[in-house]
Number of protein chains: 2
Amino acid sequence: MHSVEGVDGPANSASSSSASRTSAGTLPPDLAASTGFLLGKVGASVTRRLANALSLLGLRQKHFAVLALLEDSGSCAQQSVAARLNLDPSGLVSVIDDLRRRGAVERERDPEDRRRHTVRLTEVGRALLAECRELVASVDAEWLAPLSEEQRRQLHAILLRLAEADPVIPSPRIS
Amino acid sequence: MHSVEGVDGPANSASSSSASRTSAGTLPPDLAASTGFLLGKVGASVTRRLANALSLLGLRQKHFAVLALLEDSGSCAQQSVAARLNLDPSGLVSVIDDLRRRGAVERERDPEDRRRHTVRLTEVGRALLAECRELVASVDAEWLAPLSEEQRRQLHAILLRLAEADPVIPSPRIS
DNA sequence: TATTGTTATACTCTATAACTATA
DNA sequence: TATAGTTATAGAGTATAACAATA
């Protein structure tokens with residue numbers, strides 16, 4: 001018994017009568033029983049899809065996040081961008097460099113405190129953000145397809161709740 | 001505005017009326033609007049918690065997964081373990097080595113095909129798995145706390161559905 | 001020649017910390 | 001001395017490919 005994989009024979013579009021052997025169906029009970037384990041797996045998969053889609057624009061999630069933040073809150077010192085997105089200031093540098101190279105953001109020194117670099121979204125950046133938004137929405141639509149309308153609403157509400165309660169643990173290892 | 005973190009003050013159990021500013025509350029609308037983005041973030045956070053908990057046993061998720069699989073399906077050739085868990089055979093080696101060093105699994109050559117190494121769970125491994133299970137359950141209970149009983153059921157059902165539909169995209173880059 | 005398991009290599013991502021320029 | 005930003009370095013994690021033993 002070597003090949004359980006129909007590989008590319010997806011003839012049966014059937015959902016899941018009994019033991020349909022889509023790869024995930026083989027998860028041992030202990031793993032399928034843990035909501036956290038499942039969430040981690042599905043989350044990683046979705047993140048991969050998102051990354052893949054954004055790569056079409058030559059961007060990664062961080063770029064999207066920065067663009068979205070800047071549109072939301074206008075000009076920002078780099079430090080506060082990092083703080084609000086819970087990511088390392090050092091890691092932010094290359095992201096902003098990338099965006100600047102594409103003309104998506106502009107950077108100027110803050111006259112009041114010349115140590116600060118204020119970052120601002122340009123029109124190009126706004127347009128780029130719009131592209132991202134569209135792309136992300138289409139990715140969401142794709143992987144959410146197996147769910148009912150109601151389930152999608154439930155999931156979104158649940159995730160908002162969880163994100164809200166989470167200290168977000170950006171990178172510093174926990175306890 | 002440095003501290004937006006109410007940290008553990010989840011006083012308002014309200015769903016999402018306006019702009020409650022727990023760290024995640026600062027997420028720009030575009031990000032909070034994407035279920036995928038949220039799922040990725042929350043998934044990463046949970047994965048971190050899980051990893052942190054399992055590290056108390058000196059294990060990682062992969063170890064847990066292998067133990068769970070072996071209990072579920074008995075002896076297995078390494079290759080089929082890798083296949084069923086959708087992970088790289090080469091990456092599996094060190095995991096099984098670790099488990100073997102702790103006496104959690106035993107490995108013998110398959111007499112019928114001496115290329116195969118059959119892996120089997122020991123009593124020690126069964127006990128270790130039980131510890132993992134308990135640990136994982138407690139982590140789940142912790143981060144699921146903000147949700148109602150019904151929401152937890154909803155989330156689990158939704159994740160199972162999504163995992164089922166996902167080709168699981170283990171590592172090979174998509175498309 | 002194909003397959004199982006293993007080892008070794010390279011690549012990505014991220015975290016730490018060292019450095020500069022301002023204050 | 002402390003802070004904003006930057007650069008450089010090291011580490012974990014993972015994927016690829018080369019390898020040995022067996023079929």
Side-chain angles (χ1 to χ4, degrees), chain A residues 1-3 5 40-41 44-45 47-48 50-52 54-55 59-63 65-66 75-101 105 107-119 168-174, chain B residues 1-2 40-41 44-45 47-48 50-52 54-55 58-63 65-66 75-101 105-119 168-174:
Chain A
M1 60 300 274
H2 46 313
S3 72
E5 331 156 29
K41 287 300 181 201
S45 169
T47 294
R48 217 149 32 219
L50 237 28
N52 218 262
L54 287 174
S55 76
L59 301 178
R60 286 196 257 101
Q61 284 205 25
K62 289 177 182 177
H63 300 101
V66 169
S75 299
C76 254
Q78 282 187 211
Q79 192 203 0
S80 60
V81 172
R84 285 200 50 187
L85 294 178
N86 259 297
L87 44 87
D88 224 89
S90 66
L92 192 61
V93 176
S94 65
V95 173
I96 290 185
D97 270 0
D98 293 340
L99 293 175
R100 212 155 60 95
R101 222 172 286 124
V105 304
R107 210 176 48 162
E108 352 173 298
R109 298 221 126 153
D110 182 339
E112 301 192 4
D113 183 341
R114 293 181 39 75
R115 289 173 300 184
R116 282 201 192 112
H117 283 186
T118 304
V119 187
V168 173
I169 317 160
S171 35
R173 57 187 159 295
I174 13 178
Chain B
M1 53 292 289
H2 43 312
K41 287 297 181 204
S45 170
T47 294
R48 216 147 35 218
L50 237 27
N52 219 260
L54 287 174
S55 77
L59 300 180
R60 287 196 258 99
Q61 284 205 24
K62 287 177 183 180
H63 299 103
V66 169
S75 299
C76 253
Q78 283 187 211
Q79 192 204 2
S80 60
V81 172
R84 284 199 52 187
L85 294 178
N86 259 297
L87 44 86
D88 223 87
S90 66
L92 192 60
V93 176
S94 66
V95 174
I96 289 184
D97 270 0
D98 293 339
L99 293 174
R100 212 154 60 94
R101 223 172 285 127
V105 304
E106 276 174 359
R107 210 176 49 161
E108 353 173 298
R109 297 222 127 154
D110 183 339
E112 298 193 7
D113 183 342
R114 293 180 40 75
R115 288 172 302 183
R116 283 202 190 110
H117 283 186
T118 304
V119 187
V168 173
I169 316 162
S171 35
R173 57 188 160 296
I174 13 177

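In the text below, chain A, chain B and the rest are named by the order of the sequence lines, each starting its count at 1.
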K.L.:
Between A:Q78 and A:I96, is there a side-chain heavy-atom distance shorter than 4.5 Å?
P.N.:
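In contact.
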K.L.:
Can you measure A:R114 atom CZ to C:dT20 atom P for me and round it to whole angstrom units?
P.N.:
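Going from CZ in A:R114 over to P in C:dT20 covers 18 Å.
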K.L.:
Using a cut-off of 6.0 Å, state whether more than 12 heavy atoms not belonging to B:R60 lie near its atom CZ.
P.N.:
no
K.L.:
Using atom CG of A:D88 as one end and atom C1' of D:dA10 as the other, report the distance to the nearest whole Å.
P.N.:
14 Å
K.L.:
Can you see if the side chain of B:H117 gets near the phosphate of D:dA21 - specifically, an N or O under 4.0 Å from OP1 or OP2?
P.N.:
no
K.L.:
Could you tell me how far apart B:R115 (CZ) and D:dA20 (C1') are, to the nearest whole angstrom?
P.N.:
13 Å
K.L.:
Roughly, in whole Å, what's the span from CG in B:L92 to C1' in D:dG13?
P.N.:
15 Å
K.L.:
5'-most contact on DNA chain C: A:D113 or B:D113, nearest heavy atom basis?
P.N.:
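By nearest-heavy-atom nucleotide position, the 5'-most residue is B:D113.
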K.L.:
Got a second to check how far A:D88's CG is from A:K62's NZ, nearest 0.5 Å?
P.N.:
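Here the interatomic distance stands at 8.0 Å.
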K.L.:
Go through the steps to decide whether B:H63 and B:L54 satisfy the test side chain to side chain contact (heavy atoms under 4.5 Å, CB included), and finish with yes or no.
P.N.:
CA-CA 9 Å; B:H63 299 103; B:L54 287 174; over 6 Å; no
K.L.:
Go through the steps for A:H117 and A:R109 under the test side chain to side chain contact (heavy atoms under 4.5 Å, CB included), then give the verdict.
P.N.:
CA-CA 5 Å; A:H117 283 186; A:R109 298 221 126 153; 3.0 Å; yes
K.L.:
Round to a whole Å and report the spacing from CZ of A:R109 to P of D:dA4.
P.N.:
13 Å
K.L.:
Which residue, A:R116 or A:G91, contacts DNA chain D at a nucleotide closer to its 5' end, judged by nearest heavy atom?
P.N.:
A:R116
K.L.:
Spell out yes or no: do the side chain of B:S90 and the base of D:dT14 have one donor N/O and one acceptor N/O closer than 3.5 Å?
P.N.:
no
K.L.:
Closer than 4.0 Å, any side-chain N/O of B:K62 to the OP1 or OP2 of D:dT14?
P.N.:
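Yes, because at least one side-chain N or O of B:K62 sits under 4.0 Å from OP1 or OP2 of D:dT14.
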K.L.:
Output the rounded distance in Å from CZ (B:R48) to C1' (C:dC13).
P.N.:
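Taking atom C1' of C:dC13 as the reference, CZ of B:R48 is at 13 Å.
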K.L.:
Taking CG from A:D110 and C1' from D:dT3, how many angstroms apart are they, rounded to a whole number?
P.N.:
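It works out to 13 Å between those atoms.
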K.L.:
Rounded to whole Å, please give me the gap between CG in B:D97 and P in C:dT6.
P.N.:
7 Å
K.L.:
For B:Q78 and C:dG5, is the shortest distance between a side-chain N/O and OP1 or OP2 below 4.0 Å?
P.N.:
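Looking at the OP1 and OP2 atoms of C:dG5, neither is under 4.0 Å from any side-chain N or O of B:Q78.
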